[in-house]
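Just the heavy atoms: all of them, side chains too, but no hydrogens, waters or symmetry mates, feed the values below. Just so it is clear: chains get the letters A, B, ... in the order the sequence lines come, proteins before strands, and each one is counted from 1.
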2 protein chains.
Amino acid sequence: MGCPGQYGYIGKVSSQRTRGVGAAHDERQHQIVDAVLALIGEQGLDGISLRDVATKAGVSLGRVQHYFRTKDQMLRAAFERVNDLGAALVGQRLADAGDSSPRTVIRAIATELLPIDDLHRHALQVGMAFTARALVADDFAARLKAGYGELHNLLVLLLTTARDAGDTRPDLDIDHEARLLLSLIDGLSTHTLIGHHTPDTALAVVDTCLDRVFTS
Amino acid sequence: MGCPGQYGYIGKVSSQRTRGVGAAHDERQHQIVDAVLALIGEQGLDGISLRDVATKAGVSLGRVQHYFRTKDQMLRAAFERVNDLGAALVGQRLADAGDSSPRTVIRAIATELLPIDDLHRHALQVGMAFTARALVADDFAARLKAGYGELHNLLVLLLTTARDAGDTRPDLDIDHEARLLLSLIDGLSTHTLIGHHTPDTALAVVDTCLDRVFTS
DNA sequence: AGCAAATCAAGTCAACCGTATCGGAATGGG
DNA sequence: CCCATTCCGATACGGTTGACTTGATTTGCT
């Protein structure tokens, strides 16, 4: 889970080179999904047609249909991909952080979940499109919930570490605190996307909140 | 602004009874828009067709098209209506609150912005659908921004009152605090809609946050 | 009463959609 | 070399969509 480039929607596990050209299978699938994500960022999740995707990817409609038997499968693959991409970004941040303080790590994660540049803005925009769809598609909601669950567990781990090190009040309700942080970051992200405040302000608000959690 | 029953999309200001049947004009328009909102809650913003709306409202397609020349106008009217409805709900809460303490009022507002029952859940679900659309439609974003701006100003006012009364730390950064609260509530609302936590948990998190803002 | 505007059901249309099908090219194992 | 398999471009089809047109009916004002 969370390994980029591995989506199981075709039944096999990864690049297999069984028959035919086979070799560049994943790469071409990848290219189509990227076109889908780009279009979602431009026009939203709906209003996307298979023909638009084909044009954007620079391939024929037939090819798109070859890799995704239905439109639903295609969108599902795009959803998986944006989830994997997000997980990869956060994972990279975690790896880079090394043994920094919990507060530093949490702030780094927050930075990764805010639209601080065009790349993040686009990814979050796509994420919000899928979130809106999750409200009427239960399986999408389940996947999203799992993702938030992972982030929640990560925050719980970090906060526990901090508390044990004496960097927070000893009676800190860690579960509530993790929910608060994650919800706050998500809300700030949405409001920043809308333009209600700037990325800088959003980060400052995160810092304000962290000031109140950490004692050191 | 925010007065329910008054939408300016037809050019006149309110019920005018100029010619023809005239009298029930607003009422019928209202009925159609309500069908739109119901459908958005069921299937999302897209995937809605004029024929679906007509069926849901129990009227003919011709009637729908008579009151809204284009689909875009219809959706825009629905957007205005859900905004007005939300403003009315918050306004009612404010009126009911009378001269309660700022903390109580803020908590009441938060309650109104969380999916605590089916009515609120549906309204917030519709709101999120429009928020997703606002990411690719600038005018929708502008309207949303204005709404958040009003809520922000309201929170600033309440927090200032509390600070002047000595119920908060005197050096409280009110602007940041208002942004924090509003973003938190919005994030909690989204996460609750997804099912990441329950309305009760969300309210408890709000209380946790308020505990940290108010000293009394 | 009579006129004009408002109302609105029904039908039509062109555009676009997702999907299915077909035919052939490319490919690599046997 | 051969053939099964993958790949994929081209084309077509049935269905739905938003928009438009038409004509009948209703309503309020004079």
Nearest-angstrom distance from the residue atom [atom1] of [X] to [atom2] of [N]:
{"X": "B:R63", "N": "D:dT26", "atom1": "CZ", "atom2": "P", "result": "14 Å"}
{"X": "B:H66", "N": "C:dC8", "atom1": "NE2", "atom2": "C1'", "result": "7 Å"}
{"X": "A:D46", "N": "D:dT16", "atom1": "CG", "atom2": "P", "result": "18 Å"}
{"X": "A:E27", "N": "D:dC7", "atom1": "CD", "atom2": "C1'", "result": "15 Å"}
{"X": "B:Q31", "N": "C:dT7", "atom1": "CD", "atom2": "C1'", "result": "14 Å"}
{"X": "A:R28", "N": "C:dA26", "atom1": "CZ", "atom2": "P", "result": "13 Å"}
{"X": "A:Q29", "N": "D:dC8", "atom1": "CD", "atom2": "C1'", "result": "14 Å"}

Can you tell me if the side-chain N/O atoms of B:Y67 get under 4.0 Å from OP1 or OP2 in C:dA6?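 Checking C:dA6 against B:Y67, no side-chain N or O comes under 4.0 Å of OP1 or OP2.
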When you check the gap from the basic side-chain N to the acidic O, do B:R121 and B:D117 get nearer than 4.0 Å?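 Salt bridge: no.
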Considering only NZ, NE, NH1 and NH2 on the basic side and carboxylate oxygens on the acidic side, decide whether B:R143 and B:D139 come within less than 4.0 Å.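 Answer for the salt bridge query: no.
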With B:A162 via side chain to side chain contact (heavy atoms under 4.5 Å, CB included) - residues at least two apart: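 Checked B:A162 against side chain to side chain contact (heavy atoms under 4.5 Å, CB included); matches are B:P102, B:D167, B:T168, B:F214.
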Where protein sits on nucleotides 15-22 of chain C, one letter per nucleotide: B base, S sugar-phosphate only, - none, heavy atoms under 4.0 Å: --BBBB--
Side-chain H-bond candidate by donor/acceptor type, A:T198 with A:T201, under 3.5 Å: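 Note: A:T198 and A:T201 side chains meet the donor-acceptor criterion.
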Whether A:F140 and A:F79 hold their rings parallel, tilted or perpendicular, with breakpoints at 30° and 60°: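 Answer is parallel, since the angle falls under 30°.
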Could you give all pairs that pass the salt bridge (charged side-chain N to carboxylate O under 4.0 Å, His left out) test and reach residues 39-60 of chain B, with sequence neighbours left out?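 Only B:E42-B:K56, B:D46-B:R133 qualify under salt bridge (charged side-chain N to carboxylate O under 4.0 Å, His left out).
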